[in-house]
Amino acid sequence: QFPANELAPQAQWWVADYYYAKEDYAAAELNYKQLFNTWSRDALAPEARMMAGRAAVAWSNYENAFEHFTSLTLDTNCPPALWGQAMSAFGGALMKSPPPENDKLGNLKEALTVYKVLAETSAKKYPTNELTAAAWGELGNCALQLADYTTASDAYHKAMTFHTASVEVRSAARVGLVIVLNRVVVPQWRTDFDKRTLEANGEIVVGVDEVARNLEGPLAIPVCVRI
């Protein structure tokens with residue numbers, strides 16, 4: 001009723017948050033959209049667009065989510081921290097969304113590109129950003145699903161060793177690396193796989209010698225992970 005009131009954007013935010021908390025995500029998205037459409041110059045507008053994207057993902061409206069997130073990632077005036085969040089959320093939405101009929105791996109490939117840009121940009125411009133390590137981990141997850149094991153192992157290694165990586169990110173990267181190991185071919189692992197990754201900080205121990213003496217061909221490699 002009073003769009004000119006200086007408290008109106010905050011009031012609209014509270015309404016949107018109310019629906020989000022009730023898990024009525026369609027209504028939440030609608031109300032966040034109303035905020036950034038009505039008060040596009042308000043400080044809350046970019047955050048509202050981010051929340052609209054999250055709400056869209058929550059009710060599986062991925063096309064809307066893509067629009068909200070890319071509106072932020074392509075905006076040169078987007079605050080750096082919010083840009084990182086939007087890139088990460090965009091990659092996550094791509095991984096969750098149903099793939100196109102004509103390209104079953106299309107979303108994964110695009111998500112891999114998004115996470116690569118996020119990880120490399122954050123590492124250079126915002127080296128203390130916690131999203132950097134998480135982005136490397138998600139890049140590894142994309143590569144793993146695409147059966148690009150070299151890229152996956154490299155990304156997991158970077159996630160594990162990045163100085164701001166949380167315990168959760170490091171642990172997830174170790175698990176991803178174990179999965180990679182279980183999918184490589186044992187006779188080739190010494191030449192095709194970066195052994196330094198396996199020995200990082202002594203945290204992963206692989207019983208390859210014993211396996212190689214007794215088995216041939218693709219197999220699950222016994223692995224002990226200390227987390």
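Note that the structure is predicted; figures quoted are calculated from it, not measured.
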Indicate every side-chain donor-acceptor pair of residues 92-107 with a distance under 3.5 Å to a residue at least two apart or in another chain.
{"unit_1": "S97", "atom_1": "OG", "unit_2": "A93", "atom_2": "O", "d": "3.3"}
{"unit_1": "S97", "atom_1": "OG", "unit_2": "L94", "atom_2": "O", "d": "3.1"}
{"unit_1": "S97", "atom_1": "OG", "unit_2": "N107", "atom_2": "ND2", "d": "2.9"}
{"unit_1": "E101", "atom_1": "OE1", "unit_2": "K104", "atom_2": "NZ", "d": "3.4"}
{"unit_1": "D103", "atom_1": "OD1", "unit_2": "L105", "atom_2": "N", "d": "3.4"}
{"unit_1": "D103", "atom_1": "OD1", "unit_2": "G106", "atom_2": "N", "d": "3.2"}
{"unit_1": "N107", "atom_1": "ND2", "unit_2": "S97", "atom_2": "O", "d": "3.4"}
{"unit_1": "N107", "atom_1": "ND2", "unit_2": "P98", "atom_2": "O", "d": "3.2"}

(request) Indicate yes or no: at least one non-hydrogen side-chain atom of R174 is less than 4.5 angstrom from one of L177. (result) no
(message) Can you tell me how far apart CG (D148) and CG (D154) are? Round to the nearest 0.5 Å.
(response) 10.0 Å
(message) With a 4.5 Å cut-off on side-chain heavy-atom distances among I, L, V, M, F, W and Y, is there a chain of contacts connecting V169 to V175?
(response) no
(message) For the aromatic rings, using the six-membered ring if either is Trp, is the centroid distance between Y32 and W13 under 6.0 Å?
(response) yes
(message) Is it true that, when you exclude E168 itself, more than 12 heavy atoms of the residues, nucleotides or ligands shown sit nearer than 6.0 Å to its CD?
(response) no
(request) Using atom types as modelled and distance alone, determine if a side-chain donor or acceptor of S88 lies under 3.5 Å from a backbone N or O of G84. (result) no
(request) Look at the side chain of S40 and the backbone N and O of N37, then say whether any donor-acceptor pair between them is shorter than 3.5 Å. (result) no
(message) Restricting to non-hydrogen atoms, name the atom on G140 and the atom on A152 that form the minimum distance, rounded to 0.1 Å.
(response) O-CB, 3.7 Å
Output a table of donor-acceptor pairs, distance under 3.5 Å, between side-chain atoms of residues 46-61 and any protein atom two or more places apart or on a different chain; print 'none' if there are none.
{"unit_1": "R54", "atom_1": "NH2", "unit_2": "Q85", "atom_2": "OE1", "d": "3.3"}
{"unit_1": "W59", "atom_1": "NE1", "unit_2": "E29", "atom_2": "OE1", "d": "2.8"}
{"unit_1": "N61", "atom_1": "OD1", "unit_2": "N64", "atom_2": "N", "d": "3.3"}

(message) When you group the ILVMFWY residues by side-chain heavy-atom contacts below 4.5 Å and let the links chain together, are L72 and L44 in the same group?
(response) no
(message) Hydrophobic clusters here meaning ILVMFWY residues chained together by side-chain heavy-atom distances under 4.5 Å, can you tell me if L139 and L108 are in one?
(response) yes
(message) Could you check whether any side-chain N or O of R170 sits under 3.5 Å from a backbone N or O of F162, counting only pairs where one atom can act as donor and the other as acceptor?
(response) yes
(request) Kindly work out whether a path of hydrophobic side-chain contacts (I/L/V/M/F/W/Y, heavy atoms less than 4.5 Å apart) joins V117 to F69. (result) yes
(message) Are the side chains of E23 and Y25 in contact, using a 4.5 Å heavy-atom criterion?
(response) yes
(message) Is it the case that over 12 heavy atoms from other parts of the model lie below 6.0 angstrom from the CZ atom of F66?
(response) yes
(message) What's the separation between atom CZ in F36 and atom CG in D42, rounded to the nearest 0.5 Å?
(response) 13.0 Å
(message) For the CE atom of M87 and the SG atom of C78, what is their distance to the nearest 0.5 Å?
(response) 10.5 Å
(message) Do Y149 and Y156 land in one hydrophobic cluster if side-chain heavy atoms of ILVMFWY residues count as linked below 4.5 Å?
(response) yes
(message) Any heavy-atom pair between the side chains of W136 and E120 that's under 4.5 Å?
(response) yes
(request) Output the distance between atom CG (L112) and atom OG1 (T151), rounded to the nearest 0.5 Å. (result) 7.0 Å
(message) Please determine whether side-chain contact (heavy atoms from CB on, under 4.5 Å) holds for the pair N141 and Y115, giving the CA-CA distance in whole Å, both sets of side-chain angles, and the decisive distance to 0.1 Å.
(response) CA-CA 10 Å; N141 293 339; Y115 283 123; over 6 Å; no
